[in-house]
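We count ligands from 1, going down the list as the structure has it; atoms in each ligand are counted the same way. Counting begins at 1 with the first residue of the sequence.
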Amino acid sequence: MANDILKYLKEKKYISGEVLARILGISRVAVWKQIQKLKNMGYKITSDQNLGYCLVSRPDLLLPQEIQRGLSTEYIGKEIDYFPELKSTNTTAKEKALYKAERIDEGKLIIAERQSAGKGRLGREWFSPAGGIWLSIILYPQLFPSYISRITLTTAVALVQAIKACTQIESQIKWPNDVLINEKKVCGILTEMSTELDMINWVVIGIGINANINICDFPEDIQKNSTSLKETSGKEVSRVKLLQTFLKEFEKYYEKLKKKEFSSILKECKFFSHTLGKKIRVDIGEKIIKGEAIDINESGALILKKEDGESIEIISGTILK
Ligand code: BT5
């Protein structure tokens, strides 16, 4: 009901409680109660005895009704679970994916304003204060489990495109899951999935975007390698707009991926790559390999030309500084 009232409350124009009550078929007291609810969520609403209610401003929160207002996707983000704080949106999304493995939640989002135990890969921590965008997307693609790297890279391409469209900032993809601006990490992606031998049961893509964050508030050890959109552009970005743009881009690329049309996504991924052409060291778990990043192949794997001239395929790893 609060959402219905929001639809009629036009910014800086008054509408009376009586009219709202009539349109919605509820009492004026019920209207008043819903207005209080909206105020508690952070909407600034004034009331004038003669003119009625007026929406002065919307809260800077990633509330479902704010994201869905003007969201032009078919199914990504049509359902959103929103939390002021969670341990990790991926953990919550995985619980939901497990519970509802009927594939009806395709494109459902879990969003939190803050995470108290945000996760990176391999048990690493992801710092997630207020001002960022921390979300997970639940998907049930009919793809092979080997698509995991392609899913992550597809997400990275959508992020780069959305950042460019909303802020004009050029960013780059550091294989396999980072988005960088001027060598510093601005987004991280954590793709988790449950699989059977040759099929994916569900995928949860966790996306962290340092949007309106002051990097000086980060723990000291990650400050020098991190940045935020606010820091880069010198002004706050509209998180709602950025998220809407990303969701639209993501859906477009995900549709291609589902049709097994990764080649065109790969082309963009290579174009935006921060990794290709560089001499790097990659930690692949059991050892560190040195070489030149010469390609990313059709499976999303990194091709590294070692110092002895041999080229090897790396499916997952972390590029070291
Ligand atoms: C990642 O891991 O980059 C994946 C991050 C995914 C975060 C999202 S937020 C929503 C969803 N829910 C979650 O719980 N997670 C996902 P990795 O490549 O392992 O990088 C982790 C490393 O990045 C850490 O060890 C730090 O060095 C650094 N780091 C931590 N927080 C950061 C931040 N906010 N910005 C930049 N770097 C950060």
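- By the 4.0 Å N-to-carboxylate-O rule, E106 lies close enough to K258 to be salt-bridged with it.
- In this structure, a donor-acceptor pair under 3.5 Å is present between the side chains of Q161 and E268.
- The nearest heavy-atom contact from the protein to atom 26 (C) of ligand 1 is I222 CG2, 3.5 Å.
- In this structure, G118 is part of the shell of residues with a heavy atom less than 4.0 angstrom from ligand 1.
- Among L9, I5, L6, the one residue that satisfies the side chain to side chain contact (heavy atoms under 4.5 Å, CB included) test with I45 is L9.
- Across the listed options Q115, K185, K119, K119 owns the non-hydrogen atom lying nearest to atom 6 (C) of ligand 1.
- Scored by the salt bridge (charged side-chain N to carboxylate O under 4.0 Å, His left out) test, E18 finds no partners at all (sequence neighbours excluded).
- Between F127 and ligand 1, a contact under 3.5 Å exists for at least one N or O pair.
- A heavy-atom separation below 4.0 Å is not found between L122 and ligand 1.
- When the side-chain hydrogen bond (donor to acceptor under 3.5 Å, both in side chains) test is applied to R28, no partner is found at least two apart in sequence or on another chain.
- Nearest to atom 5 (C) of ligand 1 among the protein's heavy atoms is W126 CE3, 3.4 Å.
- Looking from atom 25 (O) of ligand 1 to the surrounding protein, the closest heavy atom is R124 CD, 3.5 Å.
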